[in-house]
Amino acid sequence: MSAQKILQSAVEAALSDFDVSNVAPETLQVVAASNPQFGDYQWNGALPLAKALKQKPRDIATRVLERLDVSAISESPEIAGPGFLNFRLKTSWLESALDHARLDDRLGVEKAEHPERFVVDFSSPNVAKPMHVGHIRSTIIGAAIVRMLRFQGHEVVSDNHIGDWGTAFGKIIVGWKSELDEANLAADPIGEMERLYQLINERGKADSSVEDAARLETAKLQAGDEENLAIWRQVRDLSQQQFDQIYARLDVSFDETLGESFYNPRLPGLVDELIERGLARESDGAIAVFSDGQGDPKDDPFLISRDGEWTDFPALIRKSDGAALYATTDLATLEHRIQTWHPDEIVYVTDARQAGHFRQVFAAFRRWMPEEKVRLSHVAFGTILGEDKTPLKTREGGTVKLVALLDEAQERALAVVREKSPDLNEEAAQNIARVVGVSAVKYADLSQNRASDYVFSWDKMLALSGNSAVYLLYAFARVQSIFRRGRERGVDVSVDAPRLVEPAEIELGKCLLRFNEALTASLRDYRLNTMTDYVYELAGAFSAFFRDCPVLTAPDEVRASRLALCDLTARTLQQALLLLGIHTLDQM
RNA sequence: GCGUUUGUAGCUCAGUGGAUAGAGCGUCUGCCUCCGGAGCAGAAGGUCGCAAGUUCGAUCCUUGCCAAGCGCACCA
């Protein structure tokens, strides 16, 4: 059990004589100390409790302390300041907890007490288009969320809701039938499909008959025209091959790939059902969901203030031409996921600009299926900006393609590897550059608070120093090299229970035991940068240990203990990085 | 205009209803007879956008203002 939990239950037991009914439970939690000089954990509950009971905080703290038995885990707790209770973990407890962790495949991380089922919706590229920088955050953050939830013991369905339907297909089909360049399609399918779309799109702007033709092809496709369906299938398959190549490079996979087309048959009936239920009605020829007039207009996603008046801001679910919209598809998708998987929570990893859309979809869903208890979470993230603080573009002003971005990351990583490790053979250097490049891209993204926009910087991403993927991979490689060097020199590298003597050993040991807390904190509100912060801290704690505590030259007993710390550090780094989707290297 | 996100060190960013607000980069100073210096240690650098309020305590919560990004029905 984690130190926090042990201390927490001890405090709760000591509080049994107090009337805590007027105190918010979260203020009675044992928390990590705000400053190492106060120890490892602190309990601040005496202050709110004193307030509720109209007593002095230090008196409360004293009485709690009298009833508190934490002698197994903590040195004698101290009352400090206005009534804080400070705990310092006993070295003996740290040693036994570390011994337990190192003998455990899960490194001492407990599984969730109540495993739940999650559906995580992320990545969602569009067919017939190259994946670009706009897909990278969703893909990386989503994949990390899936891994972390699974590691906690939850059941997760990852679902790639690809954009494989819609009016754009009319234009592609028109182009496909009249302008298809077979040779180019074979060489660069995505490029050719994109070219066809852009070509017809341009012609349509000048010539309305081209627009009409595209609409006709869209209608035929939707009506089940065999020729158009065959083209559509081919476009989709070729696109999926591209997605799969990129996902392989990123080491991302999905349990399901149910695109928009999958839900298409359900849409007309869904709209009719919402109309019949009185949730949607006609407006200017379209069908839309309006406010139900419940609650504060400010919190109502179907109202907007115009010229000082609250006016309707409905969610459209059917256009005046009869076609469905993405709110419609999202509602059908919700229905399908609930009926198929009965999840406790559905997580949408999309950019922050869609927040308004999801507010409407979630609100409409609650009115449609009021009995459903599923939690709906929009994990929103900011935009990736260029050095000029505007959304990242190529020098020519186009979107940055994901393939090009990963290629460049790899090339730049290769230059670094060649510079720092000129002795490596070509194959090893390439392999290291591949891992370092992808890791740098992932880490730069994950280490940022997802809510904020961030400025994309190659220099920062592949920085040789500081908080970057390179630093972490280097730390891991250094741990591994201790074992490798030991074997080369014929040193006994067997491990034994860790003993903590030097300050650097104690700090490293404490840091290793915080992995569980980092995981929990990271999944709360899906702020994954909490986990990157932890990994960075752990790498730093190891670096200090590496400097202060020689391993291979230490006496047998000390060496076995320090090797145990090295082993646990390596495995914890590896596991934490893997949760983030980053693979380690034994040598770099 | 309304909604929403953001505003913290020179730059890029973390962070929390609690005690002295942190890191990286940059600047300055140290550390290689020692397991990987792609490292470590230290210094300098802050009215936490502004102002009220709630609170024993606010950078964090509330409200107002200022500034920026984003969104605002027949694209997704």
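Every chain is numbered from 1 and lettered A, B, ... according to where its sequence line falls, protein lines coming before strand lines.
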Roughly how far apart, to the nearest Å, are A52(B) and A58(B) at atom P?
-> 13 Å
How far, in whole Å, is C34(B) from C28(B) if one measures between their C1' atoms?
->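 Result for the C1' pair: 27 Å, nearest Å.
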Contact check, side chains of His132(A) and Leu402(A), non-hydrogen atoms, under 4.5 Å = no
Closest listed nucleotide, where the reference is the side chain of [X] and the choices are [options]:
X: Asn449(A); options: C75(B), A14(B), A38(B); result: A14(B)
X: Tyr474(A); options: G24(B), A14(B), A38(B); result: A38(B)
X: Arg353(A); options: C13(B), C74(B), G71(B); result: G71(B)
X: Ser452(A); options: G36(B), G3(B), A14(B); result: A14(B)
X: Lys319(A); options: A73(B), C75(B), A19(B); result: C75(B)
X: Pro550(A); options: A14(B), U20(B), C35(B); result: C35(B)
X: Tyr471(A); options: A14(B), G39(B), G24(B); result: G39(B)
X: Asp453(A); options: A76(B), G69(B), G39(B); result: G69(B)
X: Asn35(A); options: A76(B), C35(B), U20(B); result: U20(B)
X: Ala451(A); options: U12(B), U5(B), G39(B); result: U5(B)

Using both distances under 3.5 Å as the test, list the Watson-Crick or G-U wobble partner of [N], or none.
N: U62(B); result: A52(B)
N: A38(B); result: none
N: G57(B); result: none
N: A14(B); result: none
N: A21(B); result: none
N: G71(B); result: C2(B)
N: A44(B); result: none

From [atom1] of [X] over to [atom2] of [N], roughly how many Å is that when rounded to an integer?
X: Glu502(A); N: C34(B); atom1: CD; atom2: P; value: 20 Å
X: Gln37(A); N: A19(B); atom1: CD; atom2: P; value: 11 Å
X: Leu385(A); N: U6(B); atom1: CG; atom2: P; value: 15 Å

Face-to-face stacking of Tyr536(A) with A23(B), centres under 5.5 angstrom, angle under 30° =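 Aromatic stack with A23(B) absent for Tyr536(A).
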Under 4.0 Å, heavy atoms only, any strand: does [X] hit a base, just the sugar-phosphate, or nothing?
X: Cys549(A); answer: base
X: Ser457(A); answer: nothing
X: Ala477(A); answer: base
X: Val31(A); answer: nothing

Looking at [N], does its base get a donor-acceptor pair with the side chain of [X] below 3.5 Å?
X: Ser465(A); N: A38(B); result: no
X: Ser447(A); N: A14(B); result: no
X: Asn44(A); N: A19(B); result: no
X: Ser320(A); N: C74(B); result: yes
X: Thr530(A); N: A14(B); result: no

Between [X] and [Y], is NZ or CZ placed under 6.0 angstrom from the six-membered ring centre and within 45° of the ring axis?
X: Arg478(A); Y: Phe542(A); value: no
X: Arg281(A); Y: Phe290(A); value: yes
X: Arg367(A); Y: Phe302(A); value: yes

Starting at the 5' end of RNA chain B, which residue's closest nucleotide do you reach first, Leu424(A) or Gly81(A)?
-> Gly81(A)
When the nearest nucleotide of RNA chain B is assigned to Gln42(A) and to Ser543(A) on a heavy-atom basis, which residue is associated with the more 5' position?
-> Gln42(A)
Distance test, side-chain N/O of Ser305(A) to OP1/OP2 of C2(B), below 4.0 Å =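 The answer is no; no side-chain N or O of Ser305(A) sits under 4.0 Å from OP1 or OP2.
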Is any side-chain N of the basic residue among Lys442(A) and Asp445(A) closer than 4.0 Å to the acidic one's carboxylate O?
->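 No.
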Less than 4.0 Å between a side-chain N and a carboxylate O, is that true for Glu202(A) and Lys205(A)?
->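 Yes, this pair counts.
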Does a side chain donor of either Asp492(A) or Ser494(A) reach within less than 3.5 Å of an acceptor in the other side chain?
->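 Distance-only check passes for Asp492(A) and Ser494(A).
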Backbone N or O of Gly81(A) within a donor-acceptor pair of the Arg58(A) side chain at under 3.5 Å?
-> yes
